[in-house]
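In what follows, chains carry the letters A, B, and so on, assigned in the order in which the sequence lines appear, proteins first and then strands, with residues in each chain numbered from 1.
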Number of protein chains: 2
Amino acid sequence: MRLSRTAVLTAAVALADEQGVGGLNMRTLAEDLGVVPMALYKHVSSKEDLLDGMVDVVVAEIDPPLEGQEWRATVRSRVLSARTVLQRHRWARQVLETRTTRTPAVLAYTDSFIGMFLDRGFSVDLTHHVMHALGSRMWGFTQELFDAPETPAGDAAADSASAGSAPPDAARLEAMARRFPNVLRIAMAAAHDDGVVGRGCDDQYEFEFALDLLLDGIEGLHARGWTSART
Amino acid sequence: MRLSRTAVLTAAVALADEQGVGGLNMRTLAEDLGVVPMALYKHVSSKEDLLDGMVDVVVAEIDPPLEGQEWRATVRSRVLSARTVLQRHRWARQVLETRTTRTPAVLAYTDSFIGMFLDRGFSVDLTHHVMHALGSRMWGFTQELFDAPETPAGDAAADSASAGSAPPDAARLEAMARRFPNVLRIAMAAAHDDGVVGRGCDDQYEFEFALDLLLDGIEGLHARGWTSART
DNA sequence: ACCTGAACACCGTTCAAGT
DNA sequence: ACCTGAACACCGTTCAAGT
């Protein structure tokens, strides 16, 4: 089969889906495509360009905005759509965070996102600040502090690695409890919920909690015609 | 002078402050210390360990919480203190985001942060969700979508790089306006404020806008004794 | 026009010495 | 106990060919 940019990007996305960004390099990507590393450079100009293209592939999977709905439902469902996409491609968050240029596809998504507010009566001023407040939530993620950024690779040692360096024996746990009592209380509260529905920290719940907190705030500002004191 | 872990970490932080994470590698770090690369490995076990140690240096610079103040003032000023520290060390955000293990110093900061809520009457349940909602804001940063993650290195081509690939001539601008009209409206609104105080997007203003939006929401939940429906 | 092969520069790190 | 020197494995990419 003839090589093409699309073929390269698709293979790269598939590879990253399996191995994470850490496992993605020009040599193994070329091997997956049955080609020598340098062949890739006819279709992507550099690894940066490859990563930009991969982001474009991901962005294309996000649903278009709802039509004929009020702003809150439209924004909310779009963010949650982005979230499911970003969770299908777990490497995308990290890659998105390190991009230094915005590709047209990324700009188009941003533009359409902003349009959901402007087209439904938000002022440019408020929309501007709202976009800042949402930040990366527009992609359906937040920087989480409790879970590890990336699982090293395809090895099954993932859980022991995320737990720290050594297995948590009783002495270790007690030492933890003495040094970081507040962390422990929060961790126990999360573990406590396990009994009912079999989940610890429900990331989806937490994401929507924070999202709705922001949407509530935004709704209030919009309703009372808020403007920044800067104009 | 005798090499020590502290000396290595201090030099690494200084190097990263100047060059960014991109410019930080074991060879140039060793050179800065007047030593051969392998000498570093007596004091840090790997580059990961080096980065962990550098984060610890940064965390140590964050002010302790205020005493005898209500929760909101305490949390707010602590977050803003973290923000000034993180802005002194612009590489720290990126490094923090890629850590897979929490060092004791990071856990201690987290614990103390949680304590600001618990010690002032917040329920464990609400505090848990609040911590998720704040996310990386507890370090004083949000993932910004409009500005570039890292300036490549010490070269003066920073502004032209952040602007994109080519200089924005009139034709380019008009094409942008047609494709991404909403992005343009927001950008113009931000530029418009320039006349008054000489700033475009004021990151500090935007950060506090989002922070206060969240704090308002949290205050409301706390005041009416909110609990998650999960218990 | 597209792909190949060999090679270069750079980086984290191992290993066997040195003092 | 601490530092050195040479070397290895891995990676992005240039360059000069091949078809």
Side-chain angles (χ1 to χ4, degrees), chain A residues 1-16 18-55 91 94-95 98-101 149-150 152-155 157 161 165, chain B residues 1-16 18-55 91 94-95 98-101 149-150 152-155 157 161 165:
Chain A
M1 213 254 285
R2 196 58 155 209
L3 214 54
S4 68
R5 185 175 168 95
T6 316
V8 171
L9 296 182
T10 308
V13 166
L15 183 58
E18 282 167 33
Q19 314 268 8
V21 235
L24 176 73
N25 62 65
M26 304 307 267
R27 278 167 169 90
T28 54
L29 175 57
E31 199 174 357
D32 282 7
L33 288 159
V35 107
V36 91
M38 277 314 296
L40 304 173
Y41 285 82
K42 262 277 117 68
H43 304 98
V44 293
S45 63
S46 65
K47 192 175 184 184
E48 284 293 285
D49 184 37
L50 175 72
L51 292 170
D52 281 344
M54 291 168 69
V55 167
W91 49 271
Q94 193 180 134
V95 173
T98 54
R99 268 356 35 222
T100 57
T101 53
E150 190 189 4
D155 61 339
S165 41
Chain B
M1 208 253 285
R2 196 60 155 204
L3 214 55
S4 69
R5 184 173 171 95
T6 316
V8 171
L9 296 182
T10 308
V13 167
L15 184 59
E18 283 169 32
Q19 313 267 9
V21 236
L24 176 74
N25 62 64
M26 304 307 267
R27 278 169 170 88
T28 53
L29 175 58
E31 199 175 355
D32 281 7
L33 288 160
V35 103
V36 92
M38 276 315 296
L40 303 174
Y41 285 83
K42 264 275 116 69
H43 303 98
V44 292
S45 62
S46 65
K47 191 174 184 184
E48 284 294 286
D49 184 37
L50 175 72
L51 293 170
D52 281 343
M54 292 168 68
V55 167
W91 49 271
Q94 193 179 135
V95 173
T98 54
R99 280 331 58 213
T100 58
T101 54
E150 189 189 2
D155 61 339
S165 40

query: From A:W91 CH2 over to A:L15 CG, what is the distance, rounded to the nearest 0.5 angstrom?
result: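 One finds 10.5 Å between CH2 of A:W91 and CG of A:L15.
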task: Mind checking the CZ-CG spacing from A:R99 to A:L51? Nearest 0.5 Å is all I need.
output: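 A:R99 CZ to A:L51 CG: 4.5 Å, rounded to 0.5 Å.
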message: How close do B:P37 and B:R27 get, counting heavy atoms only, and between which atoms?
response: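 What the structure gives for the nearest pair is CG-CG, 3.9 Å.
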- request: Locate the shortest heavy-atom distance separating A:L33 from A:A11; write the atom from each residue and the value.
  value: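 Closest approach of A:L33 to A:A11, heavy atoms only: CD2-CB, 3.7 Å.
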message: Show every side-chain hydrogen bond (donor to acceptor under 3.5 Å, both in side chains) that has at least one partner inside residues 28-40 of chain A, sequence neighbours left out.
response: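 Found A:N25-A:T28.
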Protein and nucleotides 9-11 of chain D: nitrogen or oxygen contacts under 3.5 angstrom:
unit_1, atom_1, unit_2, atom_2, d
D:dC11, OP1, A:N25, ND2, 3.0

For [X], side-chain contact (heavy atoms from CB on, under 4.5 Å) partners two or more places apart:
X     : answer
A:S46 : A:E48, A:D49
A:T10 : A:T6
B:A12 : B:L24, B:L29, B:L50, B:M54

- prompt: Within a strict 4.5 Å, meaning less than it, do heavy atoms of the B:D52 and B:V44 side chains meet?
  reply: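 Side chain of B:D52 against side chain of B:V44, heavy atoms only: no contact under 4.5 Å found.
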- prompt: Are any of the side-chain heavy atoms of A:K42 and A:V8 separated by less than 4.5 Å?
  reply: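 Contact flag for A:K42/A:V8 side chains = no.
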Could you list the protein-to-nucleotides 16-19 of chain D atom pairs, N/O on both sides, closer than 3.5 Å?
none

message: So that I can compare with my own list, what are the stems of DNA chain D, taken as at least three consecutive Watson-Crick or G-U pairs with distances under 3.5 Å?
response: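 Stems for DNA chain D, defined as runs of 3 or more consecutive pairs: C:4-8 with D:12-16, C:12-16 with D:4-8.
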- request: Please list residues of residues 32-44 of chain B whose heavy atoms come under 4.0 Å from any atom in DNA chain C, ordered by number; otherwise none.
  value: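 The stretch gives B:M38, B:Y41 as the residues lying under 4.0 Å from the strand, ordered by number.
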message: Can you measure A:L29 atom CG to D:dT13 atom P for me and round it to whole angstrom units?
response: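 It works out to 13 Å between those atoms.
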